[in-house]
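So the structure is just underneath, and the comments pick up after that.
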Amino acid sequence: MFKNVLIEAAHAGAAEILRFFNKEFSVSNKEGVNNLVTEADHASEKAIFDVIHKHFPDHQVLGEESGESTHNSEYKWVVDPIDGTINFAHGVPLNCVSIALEKDGEVFLAAVYNPHLKEFFFAEKGKGATLNDKPIHVSDQGETVKSFLVTGFPYTYINSAHGPLEDFEKFVRKGVPVRRLGSAAIDLCWVACGRFDGFFEHKLEPWDSAAGYLIVEEAGGRVTDHKGDKFSIYQHKILATNGKIHDEMVEVLNNRKEL
Ligand code: IPD
Ligand code: CA
Ligand code: CA
């Protein structure tokens, strides 16, 4: 039942993304000059919440655009209606719907759907992760220096003196290819299916990481904070890898090792 509602909600949000993609839509700004929110973000979030509320009116919800509901439920849906909004606004088909379901604070069900590439990533705790219903697994790469990495930079970076760029440099200066796709949920899923070996970012919010986090873990990967400690979707820093390069990446991020 939960799974069916999750899938229905992801498709409902994705239909709104496709309805507005490369068409006209209104745009407004959030914190940070280029941090946009579009009409499509609101439409997608509404479509997703309509599905969730129809089936589970008492569940708590946390959506990027409308905040957190005050329901007192053990279940909480964590929703990013468009992850990769700036890509979306510029017609770049790297954006997706990200939905996770928590029970008592633990994510146990997750979906990330990029309707442009028709890639539906799904995971259920303890049952593995899939891409379009086929099992996926993280890569086998055991050396960071030979890895293919991905990262992201916060729109509020303007206010922070040190962090993301310095970490980016630690890998790029050693010849490691590091991409920046512009959608943390897709970054995580592409680690889960072995396209990337690792992903790190400094300032994610729960709706960015919740679904992708479970998908990476269920695909056999490892997700922690930058110190290598247990990850929570309510903290900002994330490191998600195939597991094999994880400890080495923690050493590099914490300046205890140069590649
Ligand atoms: C953003 C994307 C991006 C990440 C930003 C997020 P949005 O989400 O996930 O990759 O670097 O930190 O805010 O705004 O497109 O939903
Ligand atoms: Ca996001
Ligand atoms: Ca978003």
Side-chain angles (χ1 to χ4, degrees), residues 9-10 12-14 16-17 20-21 25-49 61-68 77-100 107 110-116 121 149-160 163-165 167-168 178-192 195-196 198-216 223 225-226 231 233-240:
E16 294 302 308
I17 292 181
F20 286 101
F21 192 60
F25 46 78
S26 61
V27 179
S28 49
N29 275 78
K30 295 199 281 196
E31 189 196 6
V33 269
N34 286 310
N35 194 2
L36 310 177
V37 58
T38 72
E39 198 179 343
D41 293 85
H42 292 294
S44 172
E45 188 156 303
K46 181 178 183 311
I48 292 166
F49 282 170
V61 291
L62 168 62
E64 179 175 10
E65 310 309 340
S66 47
E68 190 154 8
W77 297 80
V78 183
V79 171
D80 194 336
I82 305 182
D83 187 57
T85 288
I86 296 193
N87 285 347
F88 169 85
H90 292 270
V92 174
L94 285 174
N95 51 77
C96 61
V97 170
S98 171
I99 308 178
V107 177
V112 171
Y113 182 36
N114 176 348
H116 314 285
F121 292 89
L149 303 178
V150 64
T151 189
F153 302 96
Y155 306 119
T156 50
Y157 192 23
I158 208 162
N159 300 323
S160 88
L165 266 184
D167 283 342
F168 184 63
V178 187
R179 298 290 180 260
R180 197 284 194 244
L181 301 185
S183 163
I186 292 178
D187 297 336
L188 285 162
C189 289
W190 286 21
V191 170
R195 291 175 187 159
F196 292 120
F199 164 65
F200 59 96
E201 190 152 349
H202 279 246
K203 204 167 179 294
L204 292 189
E205 300 297 335
W207 43 83
D208 300 315
S209 62
Y213 152 61
L214 183 68
I215 292 167
V216 171
V223 185
D225 66 10
H226 287 191
F231 179 72
I233 63 168
Y234 299 100
Q235 70 194 46
H236 295 310
K237 291 192 182 182
I238 189 168
L239 172 64

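Both counts, for ligands and for their atoms, begin at 1 and track the order of listing.
For ligand 1, the atoms lying closer than 4.0 Å to a non-hydrogen atom of Asp80 are 16 (O). Residue Asp208 has at least one heavy-atom neighbour below 4.0 Å for each of these atoms of ligand 1: 6 (C), 8 (O), 9 (O). Proximity to Ile82 (heavy-atom distance under 4.0 Å) selects the following atoms of ligand 1: 16 (O). Proximity to Arg180 (heavy-atom distance under 4.0 Å) selects the following atoms of ligand 1: 3 (C), 10 (O), 11 (O). Within ligand 1, the atoms closer than 4.0 Å to a non-hydrogen atom of Gly84 are 7 (P), 15 (O), 16 (O), numbered from 1 in the order shown. In the vicinity of Phe153, heavy-atom distances shorter than 4.0 Å reach the ligand 1 atoms 11 (O). Every atom of ligand 1 with a heavy atom of Tyr155 under 4.0 Å away is listed here by number and element: 1 (C), 13 (O), 14 (O), 15 (O). Contact atoms of ligand 1 toward Gly182: 2 (C), 3 (C), 10 (O) (distance under 4.0 Å to a heavy atom of the residue).
When distances from the Ca ion (ligand 2) to the N, O or S atoms of Asp208 are compared, OD1 comes out shortest. When you scan the N, O or S atoms of Asp83 for the one nearest the Ca ion (ligand 2), you land on OD1. Restricting Asp80 to its N/O/S atoms, the shortest distance to the Ca ion (ligand 3) is reached by OD1.
Tyr113 has its ring centre no less than 6.0 Å from the ring centre of Phe121. Two rings, from Phe153 and Phe168, have their centers less than 6.0 Å apart.
Residue contacts with ligand 1 include Glu64, since one of its heavy atoms falls under 4.0 Å from the ligand.
Side-chain contact between Val79 and Glu64: absent, with no pair of heavy atoms (C-beta onward) separated by less than 4.5 Å.
Among the backbone and side-chain atoms of Val37, none of the N, O or S atoms lies under 3.0 Å from the Ca ion (ligand 3). Here Glu64 does not reach the Ca ion (ligand 2): none of its N/O/S atoms is less than 3.0 Å from the metal. Not one N/O/S atom of Glu205, from backbone or side chain, sits under 3.0 Å from the Ca ion (ligand 2).
Residues Ser209 and Leu204 come closest through the heavy atom pair CB-CD1, 4.1 Å. Smallest separation of non-hydrogen atoms from Gly212 and Val112: N-CG2, 4.3 Å. Closest non-hydrogen pair, Tyr234 versus Pro206, comes out as CD2-CG, 3.7 Å. Heavy atoms only, all atoms of each residue included: Phe200 and Asp167 are closest at CE1-CB, 3.9 Å.
Between Asp41 and Thr85, the side chains place a donor N or O and an acceptor N or O closer than 3.5 Å (distance only, hydrogens not considered). A donor and an acceptor atom, one from each side chain of Ser183 and Asn95, are nowhere located under 3.5 Å apart.
At the top of the distance list for atom 9 (O) of ligand 1, counting protein heavy atoms only, stands Asp83 OD1, 2.7 Å. Atom 5 (C) of ligand 1 has its closest protein heavy atom at Glu201 OE2, 3.7 Å.
Although no hydrogens or angles enter the test, the distance criterion places no donor-acceptor pair under 3.5 Å between the side chain of His42 and the main chain of Glu65. Counting only distance, with no hydrogens or angles, the side chain of Asn87 and the backbone of Leu94 share a donor-acceptor pair below 3.5 Å.
In this pair, Phe88 and Phe21 present their aromatic rings tilted. The plane angle is within the 30 to 60° band.
Between Ala184 and ligand 1, at least one N/O pair is under 3.5 Å apart. Polar contact with ligand 1: absent for Asp187 (N/O pair, distance under 3.5 Å).
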